[in-house]
Structure formats: structure tokens, C-alpha cells
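Input: a single structure, listed below in C-alpha cells.
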Amino acid sequence: MLRLSSRFLRTKVSSVKDLFTKTSSSYSFTAFPVNPTIQKQREKAIPCDFLKWSSLGLYRTSRFATGFTPLQPKPLDSIIDIERAKDKSAEDLATIWDDYHLGRGHIGASLKTQLYRLLEHRAADCRYFVIPLWKGSGYATMFVQVQLPHILVTGLEDYKARGTQAAPYFTASFYTDFAESKDLVLIRGDIVFTSKLTDSEAEWLLETIQSFYLNDVRFKLVERFNKEARNFEFKDVLRALSMPLL
């Protein structure tokens, strides 16, 4: 479903260095103006009727998206040489993309176009979710916003403390430049606060978030969170991830 960077040594692709631009290592996010229509959609109230969430507490505000300035990654052609990439097979391009990001403080991944379209469709009216991230002897709860082509993740406790001023711990951007020609969507994840997440934790979050949106059974929990908050039970998420009920 999700093709994440391998942790074993792969056969080197000779044109890796040629494919990526010299400025690609200075990848950064910048703000961009928001269309008024999109802004209204982003200000739509999220589910906030969490009376059964005694272990998580209540949100101080019913809006989340307004606290995240929209993020715009550098265009793909500032990271890789698009013309050279066009000559690569989807498999080779995905391998080059994954290997390039390995060990650079980012996450490289890829997704089939059909799965991306499904993610896009389901996130349209189910943008928000909560994911428990196991840390030592317990878990930290992450609050997730899927607003493609971006995914943003922050800590639930930070969101409760700072409301719409909470900053993301982790962001992921989806590049659809080769969606039609190669049936391939490239994904780049960036850890905003390395003090909050490790590379492996961010990688796990990216994979897990997508599993809840792309797996029919798990997606029922996402729908319930967004549309039937009174019936949402966080312990169902823990069970889905085989985590203990603390």
C-alpha cells in the first residue's frame, strides 16, 4: 500500500546524483495565500463532542485548521530534474526517491495513483483523526489533519494547550507530477520538531495515518470521529493498532 524507504542496502542507481538538483537539500516550507472558499472550508468546525474521552480531555476550541498556515513545498522540479525523471520507470524513480531521502532527516515514500485518489476522496469530508504513538511505557496522542496535498500532525496535548496556535510536529507533502504518466505519487515527509519525533516514529505515523484512510475497516473509525463524535471510542483505535488499553 505504502512504499517506504528500505533499511537495507539497495543496488545503486547510477543516475541518482544527476536526477536531484543541487538545491534539493535545502527543502523548506513557505506560506502561500489562501483562496477565500478554501479558507471557509478550513474553518469548518471539527468534531468536538468528546464527552467519553475522559483520558484525553476536551479541546479548548472547535477549530483546528486555522492554526496551521497552509504549507507549500518547493515544486518538484526544484528537488529533482523532471526531464531526467521522465526517462525512468516508476519502480526506478520510486527507488531513487526513497534512497535519496534515506538518512537526510526526511522521509521518502510513494503511492499508487488509485490509492492517492481514494485518500483524496475520503479526506474531503473526514479531515481529522487521532493516532496514538507508542513511547516507552505509554503513548502520546497525535492529532492529524489530512488536507491534501498535505498531511499535518501535532500533539494533542499541544493542541489542547495552544488551540489554533499549535504548530505541526510533522508534515507530509504529496507530489502528483507523475500520477498520470507513471501511476506514481511521490511523498516527502519532514519532521518539524526533532525533539518531538524520531525518524522512525514519523515514518510509522505516515504509514499508519494512510492505513486508517485506505483500509475500509479502519476508515469506519475515521468516519465516526468526523461525523458521529458522540459514538467515537478512542479505545477502538488502540485495539485496531493492537495497543494496550491504559
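The backbone N or O of Arg188 sits nowhere less than 3.5 Å from a side-chain atom of Trp97 that would complete a donor-acceptor pair. At least one donor-acceptor pair closer than 3.5 Å links the side chain of Asp81 to the backbone N or O of Glu83. Here the side chain of Asp183 pairs a donor or acceptor atom with the backbone of Thr113 at under 3.5 angstrom. Proximity of a side-chain donor or acceptor of Asn226 to a complementary backbone N or O of Val222 within less than 3.5 Å is detected. With hydrogens and angles ignored, the 3.5 Å screen pairs a side-chain donor or acceptor of Thr154 with a backbone N or O of Ala167. Using modelled atom types, one side-chain atom of Ser211 and one backbone atom of Thr208 make a donor-acceptor pair closer than 3.5 Å.
Here Glu233 does not pair with Lys220 in a salt bridge; the nearest charged N to carboxylate O distance is not below 4.0 Å.
Cation-pi contact between Arg218 and Phe212: present, with separation from the ring centre below 6.0 Å and deviation from the ring axis of at most 45°.
Residues passing the side-chain contact (heavy atoms from CB on, under 4.5 Å) test with Lys182 are Ala90, Leu93, Phe178, Leu184, sequence neighbours excluded.
When the options Tyr128, Phe129, Phe234, Tyr213 are evaluated for a ring-ring contact (aromatic ring centres under 6.0 Å, His included) with Phe225, the one that passes is Phe129.
The two residues Tyr169 and Met142 make their nearest non-hydrogen contact at CD2-SD, 4.0 Å. For Gly108 against His101, the heavy-atom pair with the smallest separation is N-CB, 3.6 Å.
The side-chain heavy atoms of Phe143 and Asp158, taken from C-beta on, include no pair separated by under 4.5 Å.
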Next item on the list: Could you check Arg122 against Asp216 for salt bridge (Lys or Arg N to Asp or Glu O under 4.0 Å), going step by step and ending with a plain yes or no?
Entry: CA-CA 10 Å; Arg122 288 181 167 179; Asp216 292 343; 2.6 Å; yes
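No more than 12 heavy atoms of other residues, nucleotides or ligands sit less than 6.0 Å from atom CD of Gln114.
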